[in-house]
Number of protein chains: 2
Amino acid sequence: MNRQNVTRDKVLDVACRLFYSNGFKGTSVRDIAKEANVNVSLISYYFNSKQGLFESLAVSYFEPYLEILENEQLSEVDFTIDSLVRKILHYKQTNYQLSCLLYRELSLNTIFAKEMLVTYLAKENHLFSQLLFQKSSHREINYKEKLCLLQFKGLLNAPFMMPNDFMDPYFTEASINHFVKVYSELMSNYKSVQKLAARV
Amino acid sequence: MNRQNVTRDKVLDVACRLFYSNGFKGTSVRDIAKEANVNVSLISYYFNSKQGLFESLAVSYFEPYLEILENEQLSEVDFTIDSLVRKILHYKQTNYQLSCLLYRELSLNTIFAKEMLVTYLAKENHLFSQLLFQKSSHREINYKEKLCLLQFKGLLNAPFMMPNDFMDPYFTEASINHFVKVYSELMSNYKSVQKLAARV
DNA sequence: GCACTCCTTTATCTATTATTCGACAAATAC
DNA sequence: GTATTTGTCGAATAATAGATAAAGGAGTGC
C-alpha cells in the first residue's frame with residue numbers, strides 16, 4: 001500500500017489501544033501521535049478530528065458485527081441461539097479492546113458516541129428481538145422481555161465490560177475458541193430466553 | 001447541620017450526577033462547582049483534589065455494599081442465592097448512578113480508580129466465591145468457575161452498565177421493587193451457578 | 001475586645017488540550 | 001520538465017484543566 005494507509009492504520013491501532021486503556025477523554029491526540037510515531041497534525045489530516053478518529057473505530061466494529069446478526073437472521077432453518085452466541089462471542093473476543101471501549105463510551109450520557117451509535121444499537125436490539133422472541137413480528141416488546149434481553153446482552157458483554165474479572169492472557173485463536181466453548185456452555189444454562197420465547 | 005456539610009453534600013451529589021453523565025475525565029471541577037453553586041476552590045478545600053472527591057463517592061458506595069455481602073455470609077442457615085441477588089439488585093438500583101459510574105471507571109486500565117478500588121473488588125470476589133461455590137474453603141477457583149462468576153456478576157451489573165437498554169423512568173420504591181422482582185426471577189433461570197456448586 | 005477555627009471568595013499559576021496554519025517534500029499526472 | 005496532488009512537519013493559537021495562595025467573613029470561646 002501507499003504510505004497513507006500505513007500511517008492511518010498505525011494511528012487507528014494505537015488509538016484503539018489507548019482509548020481502551022485510558023478512555024476517550026483520557027487520551028490526548030498527542031499521546032496517540034507520540035505512541036504511533038507520527039505528527040500530531042496527521043490525525044486531523046486523516047480523521048478531521050479526534051472524534052472522527054473515534055468514529056472510524058466505531059464503524060469498523062459495528063458494521064461487521066451487525067452483518068453477523070443479519071446473516072443469522074436470514075438462515076432461518078438451522079438457527080440456534082447457541083450458534084449465535086458463539087459467533088458473537090468469537091467476534092467480540094477477537095476485537096476485545098474495541099468491544100470494551102465502545103460499550104464503555106456508550107454508557108456515558110452526553111458524549112457524541114451515543115448520538116453517533118444509537119442507530120447501530122437500535123438495529124442490534126431489533127435483530128435480537130426478532131431472533132430471540134418473535135421472528136418477523138412487530139409486536140411491542142414488554143417489560144419482562146426487555147429485562148430478559150438486557151440479561152442476555154449482559155451475559156454477552158460481561159467479559160468485555162469487566163476486564164478486572166477476565167482477561168485472556170494468551171489471546172491465540174486456540175485460547176479464544178476455548179473461551180467461546182466454555183462461556184457459551186455456561187450461557188446455555190440460562191433458560192429465560194427459551195422460556196419467554198416458548199410462551200408466545 | 002452546620003454549613004460545611006450542606007456544601008459538601010451538595011458537591012458530592014452534583015459530582016455523582018455529572019460523573020455518571022460525562023465520566024470522570026469528562027467532568028471538570030468547574031462544571032461541578034458551577035452546577036452546585038459553590039466556589040471552585042471549595043472542592044480542593046473539602047476533598048483535597050478531584051480524585052479525592054471521586055474517592056469519597058467510591059467509598060460511600062462500596063462500604064455498605066460489601067457489608068451486605070458479609071452479612072449474607074454470616075447468616076449461613078437461611079442463605080439462598082435468590083435473596084442475595086435481590087438484596088444486591090435493590091442496593092444497586094437505589095444507588096443507580098454510582099453503580100454505573102464506578103464500574104465504568106473500573107473498566108479503565110490506568111486510572112487511579114483501579115488501584116484505589118482493587119481491594120474492594122478482591123473482597124467482593126472472595127465473598128462471591130465463598131457464597132456461590134465453596135463455603136470456607138481456600139481452593140483456587142478454576143477457569144470454568146471464574147467464567148461462571150463473571151456471568152453472575154455480568155447479570156447483576158447489566159442494568160447499570162448498559163443504560164441505553166434499561167433506565168427506570170419512575171425510580172420510586174415501588175418501581176425498584178418491581179424491577180428487582182422481575183429481574184431476579186429471570187435470573188433464577190440461570191442454572192450454571194447451582195450446577196457448578198453441586199458438582200463439588 | 002481578642003484570638004481562634006471554620007468556611008468562602010477572588011485572583012492567579014502552570015500545564016495541557018484539540019485544532020489550525022504555512023511551509024516543505026515526495027510522489028503522481030501530463 | 002512542469003504542475004498538481006498527497007503526505008508530513010514544526011510552530012502557534014486559544015481555550016480549558018486542576019490546583020493554590022492570600023485574604024476576607026462568620027461564628028465561637030474566653
Side-chain angles (χ1 to χ4, degrees), chain A residues 1-58 101 104-105 108-116, chain B residues 1-58 101 104-105 108-116:
Chain A
M1 282 290 141
N2 43 6
R3 54 190 170 157
Q4 168 186 357
N5 292 341
V6 55
T7 305
R8 211 184 115 99
D9 289 353
K10 203 161 50 176
V11 169
L12 281 170
D13 190 54
V14 170
C16 178
R17 202 175 71 242
L18 292 186
F19 285 161
Y20 161 71
S21 290
N22 312 334
F24 179 78
K25 278 278 188 179
T27 307
S28 71
V29 288
R30 281 177 164 80
D31 293 339
I32 299 172
K34 193 202 281 180
E35 196 101 346
N37 278 318
V38 303
N39 192 283
V40 204
S41 312
L42 291 180
I43 290 176
S44 297
Y45 178 72
Y46 284 119
F47 306 99
N48 287 320
S49 64
K50 187 187 176 187
Q51 177 170 342
L53 168 56
F54 181 86
E55 216 162 309
S56 296
L57 286 174
L101 81 91
R104 177 175 51 215
E105 299 300 334
L108 293 173
N109 248 347
T110 60
I111 213 173
F112 56 94
K114 208 160 185 167
E115 308 162 18
M116 199 181 85
Chain B
M1 284 289 139
N2 43 3
R3 52 192 170 156
Q4 167 184 359
N5 292 342
V6 55
T7 306
R8 210 183 117 97
D9 289 353
K10 202 160 53 174
V11 169
L12 281 170
D13 190 55
V14 170
C16 177
R17 201 175 73 242
L18 291 186
F19 285 160
Y20 162 72
S21 289
N22 313 334
F24 179 77
K25 277 277 188 180
T27 307
S28 71
V29 288
R30 283 178 167 81
D31 292 340
I32 299 171
K34 193 202 284 179
E35 196 100 350
N37 278 317
V38 302
N39 195 282
V40 203
S41 310
L42 290 180
I43 290 175
S44 298
Y45 176 74
Y46 283 119
F47 306 99
N48 287 320
S49 65
K50 188 186 176 188
Q51 176 170 343
L53 169 55
F54 181 85
E55 218 162 306
S56 295
L57 285 175
L101 81 90
R104 177 175 52 215
E105 299 299 335
L108 294 171
N109 248 346
T110 61
I111 212 172
F112 57 93
K114 209 162 185 166
E115 309 161 19
M116 200 181 85

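Remember, predicted model here, so these are calculated numbers, not experimental data. A, B, ... follow the sequence lines: proteins, then strands. Residue 1 opens every chain.
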Can any side-chain N or O of B/K50 pair as donor or acceptor with the backbone N or O of B/T27 at less than 3.5 Å? yes

N/O donor-acceptor pair under 3.5 Å between B/S56 side chain and B/G52 backbone: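 Yes; at least one donor-acceptor contact below 3.5 Å.
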
Between atom [atom1] in [X] and atom [atom2] in [N], what is the gap in whole Å?
{"X": "A/I43", "N": "D/dT8", "atom1": "CD1", "atom2": "P", "result": "12 Å"}
{"X": "B/L53", "N": "D/dG18", "atom1": "CG", "atom2": "C1'", "result": "13 Å"}
{"X": "B/F47", "N": "C/dC7", "atom1": "CZ", "atom2": "P", "result": "12 Å"}
{"X": "A/N5", "N": "D/dT6", "atom1": "CG", "atom2": "P", "result": "13 Å"}
{"X": "A/N37", "N": "D/dT8", "atom1": "CG", "atom2": "C1'", "result": "14 Å"}
{"X": "B/L42", "N": "D/dG25", "atom1": "CG", "atom2": "C1'", "result": "13 Å"}
{"X": "B/R8", "N": "C/dT8", "atom1": "CZ", "atom2": "P", "result": "12 Å"}
{"X": "B/I32", "N": "D/dA17", "atom1": "CD1", "atom2": "C1'", "result": "12 Å"}

Each nucleotide in nucleotides 12-24 of chain C should get exactly one letter: B, S or -. Can you fill that in based on protein heavy atoms under 4.0 Å? -----BBBBB---

Report the C-alpha separation of A/I43 and A/V11 in whole Å, then their side-chain angles, then the decisive distance to 0.1 Å, and conclude whether the side chain to side chain contact (heavy atoms under 4.5 Å, CB included) test is met. CA-CA 8 Å; A/I43 290 176; A/V11 169; 4.1 Å; yes

Ring-plane angle category for B/F24 and B/F19, please: parallel below 30°, perpendicular beyond 60°, tilted otherwise.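 Judged by the thresholds at 30° and 60°, the geometry between B/F24 and B/F19 is tilted.
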
When every non-hydrogen atom of B/N22 is compared with those of A/L108, the smallest separation belongs to C-CD2, 3.6 Å

Restricting to side-chain hydrogen bond (donor to acceptor under 3.5 Å, both in side chains), what partner residues turn up for A/S49, sequence neighbours left out? none

Any side-chain N or O of B/Y45 below 4.0 angstrom from OP1/OP2 of C/dC7?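 Yes, because at least one side-chain N or O of B/Y45 sits under 4.0 Å from OP1 or OP2 of C/dC7.
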
